[in-house]
Amino acid sequence: MESANFHHVVLFRLRAGVTLDRVRAARAALAELVETLPGVLHLTVTDNLSQRNGGYTMVLFSTFENRPAYEVCSRHPEWQRVFRELIDPVAAELLIAEGLSG
């Protein structure tokens with residue numbers, strides 16, 4: 001299944017007291033990764049609209065060409081920088097789901 005698209009979903013539980021400006025900056029930086037990194041087919045950052053969200057109020061939906069493409073991207077310095085500098089300060093917890101299609 002090497003050619004299957006790889007889907008990576010991250011749910012974010014935001015830290016109490018984080019300003020809207022910091023959340024917006026984190027969302028924008030995540031969305032811009034689609035233009036920066038190879039192998040990324042789709043990235044969407046949005047509010048989690050589920051009424052059963054368990055406190056995870058922001059979500060990243062992403063699709064990569066395949067799992068190896070995701071692994072390359074997740075180690076890319078820009079991906080690491082965005083998470084270290086912008087996501088970690090605003091997210092108290094992450095919940096991750098992954099799967100293959102195609």
Side-chain angles (χ1 to χ4, degrees):
M1 256 209 254
E2 193 67 29
S3 64
N5 287 342
F6 184 73
H7 304 279
H8 179 75
V9 178
V10 183
L11 298 167
F12 302 88
R13 184 182 309 223
L14 301 178
R15 295 182 188 279
V18 172
T19 66
L20 185 56
D21 286 342
R22 289 185 78 183
V23 173
R24 285 181 179 152
R27 286 175 63 152
L30 281 172
E32 289 170 6
L33 289 174
V34 73
E35 302 296 330
T36 306
L37 303 176
V40 180
L41 300 177
H42 175 80
L43 284 177
T44 299
V45 185
T46 188
D47 294 327
N48 183 0
L49 302 178
S50 172
Q51 292 187 12
R52 300 186 314 168
N53 66 26
Y56 292 89
T57 56
M58 187 172 80
V59 62
L60 166 66
F61 296 103
S62 55
T63 304
F64 297 83
E65 291 175 353
N66 50 39
R67 186 177 195 118
Y70 163 74
E71 291 169 1
V72 167
C73 288
S74 69
R75 291 188 306 265
H76 191 281
E78 186 61 10
W79 181 279
Q80 294 289 322
R81 183 194 70 77
V82 167
F83 271 82
R84 183 180 61 253
E85 294 179 9
L86 297 165
I87 301 303
D88 290 347
V90 302
E93 286 184 65
L94 306 178
L95 182 62
I96 298 172
E98 298 175 334
L100 296 170
S101 68

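Quick note: residue numbers are just sequence positions, from 1. The structure presented is a predicted model; accordingly, all values stated were derived computationally and were not measured.
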For [X] against [Y], the heavy-atom pair lying closest together:
X: Glu65; Y: Asn5; result: O-OD1, 3.3 Å
X: Glu78; Y: His76; result: N-ND1, 2.9 Å
X: Trp79; Y: Cys73; result: CB-O, 3.1 Å

Inset, instruction - Would you please classify the geometry between the Tyr70 ring and the Phe6 ring as parallel, tilted or perpendicular, with 30° and 60° separating the classes? - result: tilted
Same cluster or not: [X] versus [Y], using hydrophobic residues (I, L, V, M, F, W, Y) connected whenever any side-chain heavy atoms lie under 4.5 Å apart?
X: Leu37; Y: Leu86; answer: no
X: Tyr56; Y: Val18; answer: no
X: Val45; Y: Leu94; answer: yes
X: Val10; Y: Val59; answer: no
X: Ile87; Y: Val9; answer: no

Legend entry - Pair Thr44-His42, side-chain donor/acceptor within less than 3.5 Å: yes
Legend entry - Thr63 and His7: side chain donor to acceptor below 3.5 Å: yes
Inset, instruction - May I have the step-by-step check of side-chain contact (heavy atoms from CB on, under 4.5 Å) for Leu30 and Val82, ending in yes or no? - result: CA-CA 7 Å; Leu30 281 172; Val82 167; 4.0 Å; yes
Legend entry - Arg13 side chain vs Met58 backbone, donor-acceptor pair below 3.5 Å: no
Legend entry - Flag, side chain of Ser62 to backbone of Leu43, donor-acceptor distance under 3.5 Å: no
Inset, instruction - Only pairs at least two apart or in different chains count here, so list each salt bridge (charged side-chain N to carboxylate O under 4.0 Å, His left out) that has a residue in residues 21-32. - result: Arg27-Asp47
